[in-house]
Colleague: 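The structure's right below; bear with me while I get my questions together.
Numbering of ligands and ligand atoms starts at 1, following listing order.
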Amino acid sequence: MARNKVSVIGAGNVGATTAQRIAEGGLADVVLVDIAEGIAAGKALDLWEAAPVSSHDCRLEGGGDYALTEGSDIVVMTAGIARKPGMSRDDLVRTNFRVVTECTKKWMTYSPDAMIIMVTNPLDVMTYTTYRASGLPVNRVVGMAGTVC
Ligand SMILES: NC(=O)c1ccc[n+]([C@@H]2O[C@H](COP(=O)([O-])OP(=O)(O)OC[C@H]3O[C@@H](n4cnc5c(N)ncnc54)[C@H](O)[C@@H]3O)[C@@H](O)[C@H]2O)c1
């Protein structure tokens, strides 16, 4: 039976942790994509090689080519810049709008039936950005947020 496939765009702190949680939970095969393709490939390989000691059999792959993401059930978007000291989430808008728009067009080419979970900040704006850029129905576009201050 085919396993579910989750693609995580952005292999930084949040993206790599997301990939690890998914794999160690045995939830899905995972693809990590990043503009820094060697980082994505390396982190995916590290996580995959740890599978025997973490007791899961999920497959992890990584790189910069969106063809790897083909047929994803879920795409988790973590790519973009994070806040630096003195910045508010709103300071991220201009850069992350460009990143989210560009990435959405790329993964949509390979997984038009996926559901998107947006993590990149500012969350409400980026969730709306991917909703507009993807053309997906509202019930397939989700923003992930906890209690932040
Ligand atoms: N929603 C939430 O609750 C929540 C929580 C934590 C962080 N965030 C947000 O998540 C985002 C990621 O945070 P982080 O700590 O992982 O940052 P990070 O800097 O560790 O990782 C971001 C990654 O995105 C990659 N990236 C940048 N532009 C890209 C592009 N065009 N295509 C592909 N990859 C690209 C970078 O190379 C980097 O590896 C930030 O915007 C942050 O504010 C949201």
Side-chain angles (χ1 to χ4, degrees), residues 4-25 27-50 54 56 58-149:
N4 289 332
K5 178 172 177 177
V6 178
S7 289
V8 182
I9 315 298
N13 291 315
V14 178
T17 303
T18 301
Q20 183 173 2
R21 289 283 180 123
I22 292 168
E24 290 183 355
L27 303 177
D29 290 335
V30 182
V31 172
L32 262 178
V33 174
D34 201 290
I35 199 166
E37 49 191 274
I39 300 278
K43 288 188 179 182
L45 185 59
D46 279 351
L47 290 168
W48 198 19
E49 287 188 337
S54 321
H56 72 78
C58 297
R59 180 185 173 90
L60 294 111
E61 285 181 283
D65 185 351
Y66 282 74
L68 290 170
T69 67
E70 184 164 20
S72 297
D73 300 288
I74 297 176
V75 174
V76 182
M77 179 67 187
T78 74
I81 56 168
R83 281 190 299 166
K84 295 176 184 62
M87 290 173 78
S88 76
R89 286 183 189 79
D90 290 340
D91 293 330
L92 309 175
V93 167
R94 194 180 299 269
T95 301
N96 286 351
F97 173 81
R98 181 182 52 73
V99 170
V100 166
T101 303
E102 169 193 306
C103 294
T104 301
K105 292 196 169 124
K106 289 181 180 169
W107 66 255
M108 272 294 289
T109 306
Y110 293 99
S111 305
D113 297 324
M115 172 177 194
I116 170 77
I117 300 176
M118 178 58 60
V119 181
T120 303
N121 274 319
L123 187 69
D124 48 357
V125 181
M126 293 306 128
T127 305
Y128 188 65
T129 299
T130 205
Y131 166 66
R132 292 295 299 267
S134 66
L136 288 171
V138 284
N139 61 354
R140 282 174 36 211
V141 181
V142 175
M144 192 294 295
T147 303
V148 290
C149 50

Colleague: Using the side-chain contact (heavy atoms from CB on, under 4.5 Å) rule, pick out the option among I117, T18, T127 that qualifies with M144.
Modeller: I117
Colleague: I'd like to check which ligand 1 atoms, numbered from 1 as shown, lie under 4.0 Å from a non-hydrogen atom of A79.
Modeller: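 What qualifies from ligand 1 is 24 (O), 26 (N), 33 (C), 34 (N), 35 (C).
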Colleague: Determine whether more than 12 heavy atoms belonging to other residues, nucleotides or ligands lie under 6.0 Å from atom CD1 of I39.
Modeller: no
Colleague: Where the closest heavy atom to atom 26 (N) of ligand 1 is concerned, which of G64, A16, G80 has it?
Modeller: G80
Colleague: Applying a 4.0 Å heavy-atom criterion (strictly less than), which segment of T78 is in contact with ligand 1: side chain, backbone, both, or neither?
Modeller: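 Only the backbone of T78 comes within reach of ligand 1.
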Colleague: Strictly by modelled atom types, are S72 and S7 linked by a side-chain donor-acceptor pair under 3.5 Å?
Modeller: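 The criterion, which ignores hydrogens and geometry beyond distance, is satisfied for S7 and S72.
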Colleague: Please confirm whether D34 comes within less than 3.5 Å of ligand 1 when only nitrogen or oxygen atoms on both sides are compared.
Modeller: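 Yes.
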Colleague: Kindly confirm or rule out an N or O of V14 lying under 3.5 angstrom from an N or O of ligand 1.
Modeller: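 N/O-N/O distance below 3.5 Å exists for this pair.
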Colleague: Any side-chain heavy atom of L136 sitting closer than 4.5 Å to one from M108?
Modeller: yes
Colleague: Is the contact between E102 and ligand 1 made by the side chain, the backbone, both, or neither, using heavy atoms and a 4.0 Å cut-off?
Modeller: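 It is the side chain that gets close, since no backbone atom is under 4.0 Å.
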Colleague: Kindly identify the option in I81, L92, L32 whose heavy atom sits closest to atom 41 (O) of ligand 1.
Modeller: I81
Colleague: Could you list the atoms of ligand 1 found under 4.0 angstrom from a heavy atom of N96?
Modeller: 41 (O)
Colleague: Within a radius of less than 6.0 Å around OH of Y66, do more than 12 heavy atoms belonging to other residues, nucleotides or ligands occur?
Modeller: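 Counting other residues, nucleotides and ligands, OH of Y66 exceeds 12 neighbours.
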Colleague: Do V33 and W107 make a side-chain contact, defined as non-hydrogen atoms from C-beta onward lying under 4.5 Å apart?
Modeller: no
Colleague: Looking only at N/O atoms, are T120 and ligand 1 under 3.5 Å apart anywhere?
Modeller: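 In fact, backbone or side chain, T120 has no N or O that close.
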Colleague: Run down the list I35, V119, T18 and name the one with the heavy atom closest to atom 5 (C) of ligand 1.
Modeller: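 Looking at heavy atoms only, V119 sits closest to atom 5 (C) of ligand 1.
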Colleague: Does the side chain of T130 pick up a donor-acceptor pair with the side chain of T104 at under 3.5 Å?
Modeller: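 Distance-only check passes for T130 and T104.
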